[in-house]
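Lettering of chains follows the sequences in order, A, B, ..., and the numbering in each one begins at 1.
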Number of protein chains: 2
Amino acid sequence: MDIVRRTIERYVTLTEAEWSAIAPCWREYAFGRGSEVCAVGEVEQRFYIVKSGVQRLSFPHDGRDICVGFAYDGSWCGEYASFLTRKPARFDVVALTDSVLVGIEHDDLQKLYVEQPVMERFGRLILEELLVGRAMREIEQLSLSAEERFDRLVKRSPQLLQLVPQKDIASYLRMTPETFSRARKRR
Amino acid sequence: MDIVRRTIERYVTLTEAEWSAIAPCWREYAFGRGSEVCAVGEVEQRFYIVKSGVQRLSFPHDGRDICVGFAYDGSWCGEYASFLTRKPARFDVVALTDSVLVGIEHDDLQKLYVEQPVMERFGRLILEELLVGRAMREIEQLSLSAEERFDRLVKRSPQLLQLVPQKDIASYLRMTPETFSRARKRR
DNA sequence: AGGATCACTTGACCCATATCAAGAACGTCA
DNA sequence: TGACGTTCTTGATATGGGTCAAGTGATCCT
């Protein structure tokens, strides 16, 4: 549970009163390796913070999964668009390792937004960070070659190479496993 | 000024008291066709809502501009990442037509976030919408061919074809002007 | 431990789209 | 209005990365 408080407090400071209103809304959920946190077509019921494990956000296309992101300790996880819109998910969220996520139900979060203004602020700040991150990633995807994208990832998140299958990283970098394998060999 | 109230009220309802605290923070800014609302390297001072005109969000790469979005009536405009982080802009914002934008200074917005909780909510909701939009666009960029992306745009925003240079639309769709021209001919 | 399944590597070939080039059409402003 | 600078079109050619295929290596399961 502590991970939730620490994560929220990366953005805002909580009084004990606020925390005691917020804490009961969160529950732990365990997912075994390979299991789906959320599947395309379902409506995402919860917004999660990752306590442990690595998860993949992807969508199926032509019988293949295209990976658009990863989540790990302290980052958020889930099919956020579906969670917000209450419409069927377009993305899959898959646990790549055994994972423990701490989640909050949609209605509980809405309640907190109303009753605890500090949560509204947390929501805004985390979204700002996500949006800025997306913009930077977009620049990189568009301005770097396959090989440069590989180098950049190795430099920034070398641990990912150990944690997740190369085919997922390849897909995340918008290349085939073959191209990824060749890029890696050349370094 | 009315455009600001209408835009905010697409997300939240304002009391007269709230609006009279919010309204004075906004000011109109005129930009001539071709002028820069924000240039790479500057720090974005304002968050804008578009009163009139069309603007382009792009970044320079290899002596060419790669376009990542457009703004028009009622949508937001500006280099949001720079505005938030107070760091130099990575994107250019250019007025493609004579434009009138209504903007709020960074400090004024922060003040409103503190003093008017309804603005905090507006901020959260507009960010949610932006993020969901980004996710959907990401799926389209990755799963559709050049020709399909063209078709999708024509269907969804036919007015863009009239309003903005084809080379910018081509760049937005991740193709060269030549490929765009050929895609258009085949339809 | 052995077999099955899945992930990774490597090579040969291919194709969608980029690049280059040259001309036509359009806009703009002296 | 005409001339210059864009933008757009069209054709010829090049290429990065994808696809296909076959083999090697990991990992899991009973």
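There is no side-chain donor-acceptor pair under 3.5 Å between A:Tyr48 and A:Gln55.
Closest to the side chain of B:Arg184, from the set D:dC28, D:dG18, D:dT9, is D:dT9. Distance from the side chain of B:Ser181 is smallest for D:dT9 among the nucleotides D:dC8, D:dT9, D:dC20. Of the listed nucleotides (D:dT10, D:dG17, D:dT9), D:dT10 has the atom at the smallest distance from the side chain of B:Lys185. Looking at the side chain of A:Thr179, the nearest of the listed nucleotides D:dT7, D:dG17, D:dT19 is D:dG17.
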Step by step, would you call B:Val93 with B:Cys77 a side-chain contact (heavy atoms from CB on, under 4.5 Å)? CA-CA 8 Å; B:Val93 179; B:Cys77 175; 3.8 Å; yes
Determine, step by step, whether A:Arg152 and A:Glu148 satisfy the salt bridge (charged side-chain N to carboxylate O under 4.0 Å, His left out) criterion, reporting the C-alpha distance in whole Å, the side-chain angles of both residues, the deciding distance to 0.1 Å, and the verdict. CA-CA 6 Å; A:Arg152 186 73 63 109; A:Glu148 289 167 325; over 6 Å; no
Check against salt bridge (charged side-chain N to carboxylate O under 4.0 Å, His left out), B:Asp151 and B:Lys155: CA-CA 6 Å; B:Asp151 290 349; B:Lys155 204 159 141 199; over 6 Å; no
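Between the C1' atom of D:dC8 and the CE atom of B:Met175 lies a distance of 15 Å, rounded to the nearest Å. At whole-Å resolution of the value, CD in B:Glu178 and P in D:dT7 are 13 Å apart. Rounding to whole angstrom units, CD1 of residue B:Ile169 and P of D:dT9 are separated by 11 Å. As rounded to whole Å, 12 Å separates atom C1' of D:dC8 from atom NZ of B:Lys167. In this entry the distance linking CG of B:Asp65 with C1' of D:dT6 reads 15 Å, nearest Å. The interatomic distance linking A:Arg149 (CZ) with D:dG16 (C1') rounds to 11 Å, in whole Å. Note: CG (A:Leu173) to C1' (D:dG16) measures 16 Å, nearest angstrom. Remark: P of D:dG18 and CZ of A:Arg174 are 11 Å apart, rounded to the nearest angstrom.
Each of B:Pro177 and A:Glu147 was assigned the nucleotide of DNA chain D with the nearest heavy atom; the assignment lying further toward the 5' end belongs to B:Pro177. Nearest-nucleotide mapping onto DNA chain C: of B:Arg33 and B:Arg64, the residue sitting toward the 5' end is B:Arg64.
In this structure a side-chain-to-backbone donor-acceptor pair under 3.5 Å is missing from A:Gln116 to A:Met119. Looking at B:Glu42, its side chain never comes within 3.5 Å of a backbone N or O of B:Ala89 through a donor-acceptor pair. Remark: the backbone N or O of B:Phe91 is paired with a side-chain donor or acceptor of B:Glu79 at under 3.5 angstrom.
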Which donor-acceptor pairs under 3.5 Å do the side chains of residues 168-177 of chain B make with protein atoms, sequence neighbours left out?
unit_1: B:Asp168; atom_1: OD1; unit_2: B:Arg56; atom_2: NH1; d: 2.9
unit_1: B:Ser171; atom_1: OG; unit_2: B:Asp65; atom_2: O; d: 3.4
unit_1: B:Ser171; atom_1: OG; unit_2: B:Cys67; atom_2: N; d: 2.6
unit_1: B:Arg174; atom_1: NH1; unit_2: B:Cys67; atom_2: O; d: 2.9
unit_1: B:Arg174; atom_1: NH1; unit_2: B:Ser171; atom_2: O; d: 2.5
unit_1: B:Arg174; atom_1: NH1; unit_2: B:Tyr172; atom_2: O; d: 3.3
unit_1: B:Arg174; atom_1: NH2; unit_2: A:Glu138; atom_2: OE2; d: 3.3
unit_1: B:Arg174; atom_1: NH2; unit_2: B:Cys67; atom_2: O; d: 3.4
unit_1: B:Thr176; atom_1: OG1; unit_2: B:Thr179; atom_2: N; d: 3.2
unit_1: B:Thr176; atom_1: OG1; unit_2: B:Thr179; atom_2: OG1; d: 3.1

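When side chains are defined from C-beta on, A:Val114 counts as touching B:Arg121, because their heavy atoms get closer than 4.5 Å.
Taken over five-pair windows at either terminus, the axes of the helix from C:dA1-D:dT30 to C:dA30-D:dT1 are inclined to one another by 50° (rounded to 10 degrees).
Taking the six-membered ring where tryptophan is involved, the planes of B:Tyr80 and B:Trp76 are perpendicular, since the angle between them exceeds 60° and thus also 30°.
Between chain B and DNA chain C, the heavy-atom contact criterion of under 4.0 Å yields a 5' to 3' nucleotide range of C:dT17 to C:dT28.
Taking 3.5 Å as the limit, the base of D:dG11 and the side chain of B:Arg182 contain a donor-acceptor pair of atoms between them.
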